[in-house]
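All values derive from a computational prediction rather than experimental measurement.
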Amino acid sequence: MRSAPVPGRHSALSGVAFVLCAVACFATLDTVSQFLSVSVPIAMAMWFRFGFQAISTTGLAWRLRGRTGLRPQHPRFQWLRGMLLVSSSALAYLSLRYTPVAEFTAIVSVTPLLITLLSALRLQEKVSVLRWALVFGGFVGTLMVIRPDADDFQLVTLLPVALVFTSTAFQLITSRMAHLEDPLITHACTGWIGMASATLLLPWVWTPITSATLWSCLVAVGVFGTVGHFMLLMAYRRAQPAQLTPYLYAQVPLAVAGGWLAFGRVPDGWGIVGIALITACGALGTWLTAVEARAFNRKTPDTVIEPVE
């Protein structure tokens with residue numbers, strides 16, 4: 001594979017535009033998924049979501065790479081990444097059944113903070129006090145959102161927290177595979193693994209759907225999930241992850257707007273404070289990464305933060 005050109009200012013701006021389009025797709029996807037989570041079995045929703053990705057991405061890869069270009073070079077890594085995304089997607093659908101879209105998105109937004117910290121520890125780099133403070137602040141914000149001491153707290157509220165850990169593992173292997181595989185082939189393989197996993201469960205959960213609204217929502221999860229990831233792919237071809245990651249947090253206010261428009265749900269006072277704290281710590285953490293990289297006159301290993309949807 002050819003190395004990507006060093007992105008310039010115009011390229012970076014176009015990358016930001018693609019990221020903003022991507023997070024708009026993901027916020028819409030989460031809102032639609034919350035509606036589907038109480039109306040359609042999870043396996044059916046996942047089958048449509050991954051099936052659309054598998055077919056459309058394979059078709060594009062065939063057109064651009066040819067038949068021989070569809071063969072992955074590291075099938076074991078592809079299988080592991082695919083299963084991690086399947087697990088994360090299942091947790092996401094379950095979480096959205098019990099957690100409002102805004103709070104769900106904010107909790108999952110802790111993932112980049114955890115990845116940045118684990119990446120630094122893995123490389124045995126010294127972690128600054130400020131970085132520890134930002135990670136701590138992100139988790140404090142998470143506790144404000146889920147509030148384990150609240151009267152209406154239930155264990156299912158912790159599902160998004162479990163998603164953070166599966167998502168972190170998914171992001172770390174994605175970061176490694178970015179240097180080993182063609183991203184388009186990886187995207188196609190993930191789609192087929194997800195579709196195959198959901199297909200195994202379909203005979204036991206398939207439910208006839210007669211509502212045009214539900215059919216539209218099932219198509220929407222496939223379209224918005226696939227297009228969102230394509231937008232991210234285009235963004236990371238134009239700019240560095242450190243430049244783009246802060247803009248991923250735009251998904252949080254978009255999720256708040258989606259929850260309000262679709263369900264009339266707005267987070268309460270503590271929830272808003274927690275969401276703001278998570279977003280601020282995450283964005284500052286990304287900025288700190290770029291500052292520390294320049295201070296040491298070297299670029300830190302880029303970790304592509306890919307939302308799990």
Enquirer: Cut-off 3.5 Å, side chains only: do Ser88 and Ser167 have a donor facing an acceptor?
Expert: no

Enquirer: Mark yes or no for whether Gln34, through its side chain, and Thr99, through its backbone, hold a donor-acceptor pair below 3.5 Å.
Expert: yes

Enquirer: Do the side chains of Leu214 and Phe48 join up, straight or via other hydrophobic residues, at under 4.5 Å, putting them in one cluster?
Expert: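 Yes.
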
Enquirer: Which atom names give the shortest non-hydrogen contact between Ser95 and Pro160, and what distance separates them?
Expert: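 Of all heavy-atom pairs spanning Ser95 and Pro160, the closest is OG-N, 3.3 Å.
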
Enquirer: Going by the rule side-chain hydrogen bond (donor to acceptor under 3.5 Å, both in side chains), which residues pair with Thr31 if we only count those two or more places apart in sequence or in a different chain?
Expert: none

Enquirer: Nearest 0.5 Å, please: how far is NE2 in His187 from CG in Leu60?
Expert: 9.5 Å

Enquirer: Can you confirm whether Leu96 sits close enough to Phe35 that some side-chain heavy atom of one is under 4.5 Å from a side-chain heavy atom of the other?
Expert: no

Enquirer: List in chain and number order the residues that pass side-chain contact (heavy atoms from CB on, under 4.5 Å) with Ile42, two or more places apart in sequence or in another chain; answer none if no residue qualifies.
Expert: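 Only Met46, Tyr93, Leu94, Arg97 meet the side-chain contact (heavy atoms from CB on, under 4.5 Å) criterion with Ile42.
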
Enquirer: Of all residues at least two apart in sequence or in a different chain, which pass the side-chain contact (heavy atoms from CB on, under 4.5 Å) check with Ile55?
Expert: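 Counting only residues at least two positions away or on another chain, Ile55 forms a side-chain contact (heavy atoms from CB on, under 4.5 Å) with Trp192.
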
Enquirer: Kindly indicate whether the side chain of Phe50, heavy atoms from C-beta on, has any atom under 4.5 Å from the side chain of Ser89.
Expert: yes

Enquirer: Ignoring hydrogens, what is the shortest heavy-atom contact between Thr58 and Ala188? Give both atom names and the distance.
Expert: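 Shortest heavy-atom separation between Thr58 and Ala188 comes out as OG1-CB, 3.8 Å.
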
Enquirer: When rounded to the nearest 0.5 angstrom, what is the spacing between CE in Met195 and OG1 in Thr190?
Expert: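 One finds 14.5 Å between CE of Met195 and OG1 of Thr190.
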
Enquirer: What pair of heavy atoms forms the shortest contact from Val221 to Ala45, and how long is it?
Expert: CG2-O, 4.1 Å

Enquirer: Would you say CH2 of Trp206 has more than 12 non-hydrogen atoms from neighbouring residues, nucleotides or ligands within 6.0 angstrom?
Expert: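 Yes, enclosed.
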
Enquirer: Hey, could you give me the CZ/CG distance between Phe224 and Leu29, rounded to the nearest 0.5 Å?
Expert: 8.5 Å

Enquirer: Just verifying a value: how many Å separate Leu85 CG and Leu80 CG, rounded to the nearest 0.5 Å?
Expert: 11.5 Å

Enquirer: If you round to the nearest 0.5 Å, how far is OG of Ser33 from CG of Leu218?
Expert: 9.5 Å

Enquirer: Holding to side-chain contact (heavy atoms from CB on, under 4.5 Å), I want the full list of residues that pass it with Trp62, two or more places apart in sequence or in another chain.
Expert: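 If we apply the side-chain contact (heavy atoms from CB on, under 4.5 Å) test to Trp62, skipping adjacent residues, the hits are Arg67, Leu70.
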
Enquirer: Considering residues at least two apart in sequence or located in another chain, which fulfil the side-chain contact (heavy atoms from CB on, under 4.5 Å) criterion with Ala43?
Expert: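 Expected list: Leu201, Val205.
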
Enquirer: Test of understanding: with side-chain hydrogen bond (donor to acceptor under 3.5 Å, both in side chains), list the residues that count as partners of Thr186, not counting sequence neighbours.
Expert: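 side-chain hydrogen bond (donor to acceptor under 3.5 Å, both in side chains) list for Thr186, sorted by chain: Gln78.
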
Enquirer: Taking the side chain as every heavy atom from C-beta outward, state whether Val252 and Ile275 have any pair of such atoms under 4.5 Å apart.
Expert: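 In contact.
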
Enquirer: Is Thr166 reaching over with its side chain to a backbone N or O of Leu163, donor-acceptor style, under 3.5 angstrom?
Expert: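 Yes.
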
Enquirer: Do Val108 and Val256 sit in one hydrophobic cluster, given that two such residues count as connected whenever their side-chain heavy atoms are within less than 4.5 Å of each other, even indirectly?
Expert: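 No, Val108 does not connect to Val256 through the hydrophobic network.
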
Enquirer: Any heavy-atom pair between the side chains of Val164 and Ile107 that's under 4.5 Å?
Expert: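 A side-chain contact under 4.5 Å exists here.
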
Enquirer: Looking at side-chain heavy atoms only, is the closest gap between Leu254 and Phe26 below 4.5 Å?
Expert: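 Answer no - side chains too far apart.
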
Enquirer: Measure across Ala220 and Val32 and return the closest heavy-atom pair with its distance rounded to 0.1 Å.
Expert: CB-CG1, 4.4 Å

